[in-house]
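Structure first, commentary second.
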Amino acid sequence: MLPLPEFLTFAGVGALAQLVDGALGMAYGVASATMLLGLGVPPVTATASVHQAEAFTCGASGVSHWLAGNVRWPLFWILTVPGVVGAVAGAMVVVHVPAGWMRMALTPYLLGIGLFLLVRGVRNRPTGTDTPRGTPVLGLAAGFADAVAGGGWSALTVTTLVARGATPRTVIGTVHLAKCVVSVAASASFLYLVGLSHGAAVLGLIAGGVLAAPLGALFARRLPARVATVLAAIAVLGLGLNNVVKLMG
């Protein structure tokens with residue numbers, strides 16, 4: 001059992017990560033995994049822990065987005081089914097493949113899509129298309145990358161769908177609800193493959209994330225589409241640059 005100060009620290013990080021994640025559609029998994037790795041938790045254990053926490057936090061966030069009118073069910077199903085397949089496959093791979101390899105593969109994409117979104121948010125408005133072509137393949141790839149790298153589902157799905165013209169707030173809400181199902185699939189796979197090896201710190205991440213989820217959903221609903229696009233671009237560029245620093249270090 002964690003001492004109260006440490007539990008509150010993890011809960012605070014989980015809350016802050018969930019606020020950003022709920023508003024922009026990304027960053028909870030990345031922030032949580034980075035924190036666990038910084039504390040010396042092995043990569044596979046950190047990835048499993050984050051997904052178990054996200055099964056709860058994304059559930060709360062997804063339901064909040066649904067109640068706020070941010071979910072589109074056709075997009076949900078097109079993302080979720082292949083996403084679950086990708087997550088199970090990724091969990092089976094991560095036990096044998098270093099997570100750094102996936103970070104190397106994702107970095108150029110994150111930087112490229114971030115720049116594209118930044119230009120799009122400044123010059124144009126989204127077209128409002130809710131289910132762009134190629135979405136099932138995107139769900140499969142994002143589910144796989146998320147399970148392998150400990151994060152990436154939201155960064156890949158939100159940025160790609162918004163870049164293709166989907167409405168930011170509905171993309172963010174739908175992706176969060178889909179992420180809940182994908183995280184459950186990944187968590188079950190990790191539980192079968194490596195057992196229940198995560199620390200009690202995950203309870204703090206869950207507590208903070210669940211409490212902050214409704215605020216993130218309301219923030220996403222009130223945020224103008226163009227502003228959300230630019231903020232998403234800045235967030236994904238930050239993730240890409242963070243990967244570059246790690247690869248050069």
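Computed from a predicted model, the values in this text were never measured in an experiment. Values reported hereafter were calculated over all heavy atoms of this structure, with side chains retained and with hydrogens, waters and symmetry mates removed.
Side-chain contact between H51 and K179 is present, with at least one heavy-atom pair separated by less than 4.5 Å. Taking the side chain as every heavy atom from C-beta outward, T170 and L75 never approach each other to under 4.5 Å.
Listed here is the closest heavy atom pair of I206 and A53: CG1-CA, 3.6 Å. The two atoms that bring V175 and S154 nearest to each other are CG1-OG, 3.9 Å, heavy atoms only. The two atoms that bring V182 and V84 nearest to each other are CG2-N, 4.0 Å, heavy atoms only. Here the shortest heavy-atom pairing between H65 and G173 reads CG-CA, 3.4 Å. Across all non-hydrogen atoms, the minimal contact from A178 to W153 is CB-CZ2, 3.9 Å. For the residue pair A186 and A91, the shortest heavy atom distance occurs at O-CB, 4.5 Å.
Rounding to the nearest 0.5 Å places CD1 of I172 at 10.0 Å from OG1 of T157. For the atom pair T174 OG1 and L161 CG, the distance stands at 9.0 Å (nearest 0.5 Å). With values rounded to the nearest 0.5 angstrom, I78 atom CD1 is found 6.0 Å from T135 atom OG1.
Under the 4.5 Å side-chain contact rule for hydrophobic residues, L156 and V137 do not share a cluster. Under the 4.5 Å side-chain heavy-atom criterion for ILVMFWY residues, a single connected hydrophobic cluster contains both F190 and V88. In terms of hydrophobic clustering, with Ile, Leu, Val, Met, Phe, Trp and Tyr side chains grouped at heavy-atom distances under 4.5 Å, L140 and L79 are assigned to different clusters. The cluster map of Ile, Leu, Val, Met, Phe, Trp and Tyr, joined by side-chain heavy atoms under 4.5 Å apart, puts V93 and V85 in different clusters. By the criterion of side-chain heavy atoms lying less than 4.5 angstrom apart, applied directly or through intervening Ile, Leu, Val, Met, Phe, Trp or Tyr residues, L211 is not grouped with V63; the two fall into different hydrophobic clusters.
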